[in-house]
Colleague: 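Here it is, the structure, as structure tokens.
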Amino acid sequence: MYVSHLQLADYRSYESAYLELEPGISTFVGPNGQGKTNLVEAIGYVATLGSHRVATDAPLVRRGAERAIVRAAVVRGDQRALVELEITPGRANRARLNRSPVPRPREVLGVLRTVLFAPEDLALVKGDPGERRRFLDELLVARAPRFAGVRSDYERVLKQRNALLKSASARYFRQRAEPDLSTLDVWDEHLAAAGAELLAARLALVAELQPLVAKAYGELTSSGGPPALHYRSSAAPDEGHLPADRAALAELLRGALSEARPQELQRGVSLTGPHRDDLQLRLADLPAKGYASQGEAWSYALALRLSGFELLRADGDDPVLILDDVFAELDAERRRRLAEHVRTAEQVLVSAAVPGDVPEELVGTRFRVGEGRVERE
Amino acid sequence: MYEGAVQNLIDELGRLPGVGPKSAQRIAFHLLAAETADVKRLVHALVEVKERVRFCSVCGNVAEEEQCRICRDPRRDAAVICVVEESKDVVAIERTREFRGRYHVLGGAISPIEGVGPDDLRIRELMARLSDGQITELILATDPNLEGEATATYLARLVKPMGLKVTRLASGLPVGGDLEYADEVTLGRAFEGRRSLEL
Ligand SMILES: Nc1ncnc2c1ncn2[C@@H]1O[C@H](COP(=O)(O)OP(=O)(O)OP(=O)(O)O)[C@@H](O)[C@H]1O
Ligand SMILES: [Mg+2]
Ligand SMILES: [Zn+2]
């Protein structure tokens, strides 16, 4: 698939922008702070309904404006689709698909699929577990949009359960009153059911990623390998083997919840479940976080993204590949190998502050970005 | 900010569900420009609803007498109770004409985020109704969203020792939504295909 048109209004630094794109490679060049990342971030937003840089929507709306609009036309085989998003911080976003409003924005998920490489990716290796959970969950949603529903159901249960734990623990501490636990049982049940669905999907995904990551890593560097992925569930603290089917996972979660209950009541938060899990990245049997060199960590992060790309590609058609300023971070050899890998994607969008950082074979059509405008060279 | 009375009206309107500050302002100025007679009619309707309408002492549905029309109707099946969140769900289910029993309106659903627990709903009243042994089936028709499901699970567990038949509306209702927005055919079919809850 590829993006054929992109239109922005009051998005980040753009008051308005319009550009036509083609399949193949396009490069956005321009000095720092001119809006290159803003552009590709907007495309990523259409695919994931989130930014790779910030967790909230407020920074996406141009300073002084009330809402931002992103409009993208996507071509997939002989089909065209037009996605329009209206981003209003503090309110529910609105979406239109082929000019008709959809009841919920998440219904446009799946129309555009992207894999985005960015300097922030180093956090996949060096950052908190939340970064890696997000990597897995976003890949699940890109492969099957229904997981957006699974994920938000889980988050909703978690929020309700945390609210209950919080009020129960406050009551306990203030008045020494026994908390009413009859409704907590109900939320445990829902948490186990929703959590097991998410957990099962993540485990299956990790199993599929493992060989792809090993292969991609080996192609990028000969240093430090081989990489191995270990999913660490908060419900099974000792590296126990996790069951694969949902019923057994729900049982596991139920057990962990009842074990954690006294502590949860004391602290007033949910301490076990997929929201507390981690995907441990290992390199030559040591955790990459804390042991890997800078170069190895970069190769690992790229290998994870490339594996995501390979999975989506194997599902049917190429996602749009976005490389935001990543070449600046890599040595000449890794640049060349990465370029080799991604060249064949149906559409590749590259941004760079220093044009010379972009390997020859990835230059393609050049766009100059500056002073709030984007112009084709 | 507007002067006294106008701002007052905007503030009051803004407290209504679904009315944001902009709509509140628009409605306020609409009322300001309207004929006095029209405004008086609105005021009368508001006062009347507070004075005349009450909640049925049996089921909690809106009523104009001590009991609602459905609880007073001797042709309704006294052995089956359908539990819903709000009075407007009663209206939605009545439209399907699938149900001939009686209702119980909870007044909401369990939602710790909003500080709503079982004690804030009309659950004690429901238990009292069930204790007389006349009722044989309880249909849990809370909304098909997380809070509705959690409330249904809670109730099913609570009444389990009583040994009644407990059923939940069949799936097919739009998940995550409100019962009142389901169309008649979908809701009617969900009633037809209700299934027993196993716990
Ligand atoms: N909500 C906003 N309103 C107005 N301007 C914004 C907003 N958000 C970001 N900007 C501006 O956009 C610019 C950054 O754009 P962007 O991150 O796309 O730069 P870039 O071209 O990718 O630069 P670099 O080469 O340094 O990565 C900054 O000058 C920033 O002040
Ligand atoms: Mg940038
Ligand atoms: Zn009644």
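Keep in mind it's a predicted model, so treat the numbers as computed, not measured. The sequence lines fix the lettering, A, B, ..., with proteins before strands; numbering per chain opens at 1.
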Colleague: Counting only heavy atoms not in B:E64, do more than 12 fall under 6.0 Å of its CD?
Modeller: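 Check passes, neighbour count above 12.
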Colleague: Above 12 or not: heavy atoms from other molecules or residues under 6.0 Å from CD of B:E48?
Modeller: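 Result for CD/B:E48: enclosed.
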Colleague: Are B:L146 and A:D153 close enough that some pair of their side-chain heavy atoms sits under 4.5 Å apart?
Modeller: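 Not touching, per the 4.5 Å side-chain cut-off.
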Colleague: Spell out, as yes or no, whether a donor-acceptor pair under 3.5 Å connects the side chain of A:Q160 to the backbone of B:I113.
Modeller: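 Answer holds: yes.
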Colleague: If I take atom OG1 from residue A:T183 and atom CG from residue B:D119, how far apart are they, to the nearest 0.5 angstrom?
Modeller: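 Here the rounded value is 9.5 Å.
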Colleague: By a 4.5 Å heavy-atom criterion (distance strictly below it), what part of A:S167 contacts chain B: side chain, backbone, both, or neither?
Modeller: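 For A:S167, neither part sits under 4.5 Å from chain B.
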Colleague: Nearest heavy-atom pair of B:R157 and A:D185: which atoms, and what distance?
Modeller: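 Smallest interatomic distance, heavy atoms only, reads NH1-CB, 3.3 Å.
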Colleague: Is the number of heavy atoms from other residues, nucleotides or ligands within 6.0 Å of CD (A:E107) greater than 12?
Modeller: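 Yes, CD of A:E107 has more than 12 neighbouring heavy atoms, counting only those of other groups under 6.0 Å.
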Colleague: May I ask you to check whether over 12 heavy atoms, not counting those of B:R72, lie within 6.0 Å of atom CZ?
Modeller: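 Yes, the 6.0 Å shell around CZ holds more than 12 heavy atoms from other groups.
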Colleague: Just wondering, more than 12 heavy atoms not from A:R94 lying within 6.0 Å of its CZ?
Modeller: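 Result for CZ/A:R94: open.
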Colleague: Please round to the nearest 0.5 Å and tell me the distance separating atom OG of B:S111 and atom CZ of A:R156.
Modeller: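 CZ of A:R156 is found 6.0 Å from OG of B:S111.
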Colleague: Please indicate whether B:R95 has more than 12 foreign heavy atoms, meaning atoms of other residues, nucleotides or ligands, lying under 6.0 Å from its CZ.
Modeller: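 Enclosed.
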Colleague: Would you kindly say whether B:T153 and A:E189 are connected by a side-chain donor-acceptor distance under 3.5 Å?
Modeller: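 Distance-only check fails for B:T153 and A:E189.
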